[in-house]
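Remember, it's a predicted structure, so these values are computed and weren't measured experimentally.
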Amino acid sequence: MIIAARFMSDNKAHRDHFNFSEYLLIVLALVALTLAVNNLSSGFANPLVWGGLLVTVISFVIYFKLAKQEGKAHIINISVLKNTGFNQGLLIYTFLQFIQISLTFVIPNLAQLGLKTSALTSVGSLLSAFFGPVMGRLLDSQGFKKLFLIGNFLAIAGILLYIIFAQKLSIALIVIFHVMFMTGFSMMYNNAMTIGLQQLDHQPLFGLRGRR
């Protein structure tokens, strides 16, 4: 709060039409998708599964049709998806997030339920918080290509080592492999989105105002 009050400038309020129909379609799609995924264990014959997926697809199809209309304010500027560089950065960012969330769930459970020890073995997640600013500076000085190659090698090596030593994992190995993965993850994660956003030439992602 103190830092924000000291350094952030005032933003002038701007009133614009809130696209309530697009908002409802996004909410409907995400709720339906959540219900479908949560009931996948019962098979696709479950109405909540196939029905949820069907509602999700229909909702997103209608949403994208509405979001393409000109002359209106939209919640998300989907025209940015025409930019290949942005899409590549977004895909890297998204896949890394899925992997990181998976490990963040699996490792503490393995440590507590399998090895009867503390969930603090996932210390790599804590380190990634400190790596963020460091990797941002390295991006400025070294460029993304070198960071991505090194980060990709470390992340894949960490996961492969988990697989190779799956039957012989100890606390020390879990920590080492996780730190290795999270170091590589930190080199790519935020930097991928930074590079992707730089491809947009100052196009807004949210709150796009329609052409007048």
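A search for ring pair (Phe, Tyr, Trp, His ring centres under 6.0 Å) contacts involving F165 returns F177, not counting sequence neighbours. Remark: I58 engages L54, I62 in a side-chain contact (heavy atoms from CB on, under 4.5 Å) (not counting sequence neighbours). F98 pairs by the ring pair (Phe, Tyr, Trp, His ring centres under 6.0 Å) definition with nothing, not counting sequence neighbours.
Considering L66, V27, I76 as possible partners of E22, the one that fulfils the side-chain contact (heavy atoms from CB on, under 4.5 Å) test is L66.
Listed here is the closest heavy atom pair of G43 and V49: O-CG2, 3.5 Å. The minimum heavy-atom distance linking V80 with F86 is given by the pair O-CD2, 3.6 Å. Taking both residues in full, the closest heavy atoms of S59 and A29 are given as CB-CB, 3.7 Å, listed atom of the first, atom of the second, then distance. When all heavy atoms are compared, the tightest approach of M135 to T183 is CE-O, 4.2 Å.
Side-chain contact check for I195 versus L139: some heavy-atom pair is nearer than 4.5 Å. Between M188 and N152 the shortest side-chain heavy-atom distance falls below 4.5 Å. I159 has its side chain within reach of I99: a pair of non-hydrogen atoms, C-beta onward, lies under 4.5 Å apart. At least one side-chain heavy atom of L200 sits less than 4.5 Å from a side-chain heavy atom of L197. Side-chain atoms of K68 and H74, non-hydrogen and from C-beta on, never get closer than 4.5 Å to each other. Within the 4.5 Å cutoff, the side chain of N191 has no heavy atoms near those of the F148 side chain. Here the side chains of T56 and F60 are in contact, with some heavy-atom distance below 4.5 Å.
Connection of L138 to F153 is established within a shared hydrophobic cluster, with ILVMFWY side chains joined at heavy-atom distances below 4.5 Å, either directly or through further cluster members. Taking hydrophobic clusters as Ile, Leu, Val, Met, Phe, Trp and Tyr residues chained together by side-chain heavy-atom distances below 4.5 Å, L161 shares a cluster with L173. Note on M180 and I171: same hydrophobic cluster, where clusters join Ile, Leu, Val, Met, Phe, Trp and Tyr whose side-chain heavy atoms are under 4.5 Å apart, directly or indirectly. Y93 is not connected to L91 by any chain of hydrophobic side-chain contacts under 4.5 Å among Ile, Leu, Val, Met, Phe, Trp and Tyr, and they are in different clusters. Following chains of ILVMFWY side-chain contacts shorter than 4.5 Å, one cannot reach I101 starting from L40, and the two form parts of different hydrophobic clusters.
Distance check, rounded to the nearest 0.5 Å: CE of M182 to CE of M187 gives 12.5 Å. For the atom pair I176 CD1 and L169 CG, the distance stands at 11.0 Å (nearest 0.5 Å). A distance of 11.0 Å separates CZ in F20 from CG in L25, rounded to the nearest 0.5 Å. Note that the CG atom of L35 and the CG atom of L53 stand 10.5 Å from one another [nearest 0.5 Å]. I78 contributes atom CD1, which lies 6.0 Å from atom CZ of F64 (distance to the nearest 0.5 angstrom).
Here the side chain of N39 pairs no donor or acceptor atom with the backbone of N46 at under 3.5 angstrom. Formation of a donor-acceptor pair under 3.5 Å by the Y162 side chain with backbone atoms of I174 is found in this model.
For I3, the CD1 atom sits in a loose shell: 12 or fewer heavy atoms of surrounding residues, nucleotides or ligands are nearer than 6.0 Å.
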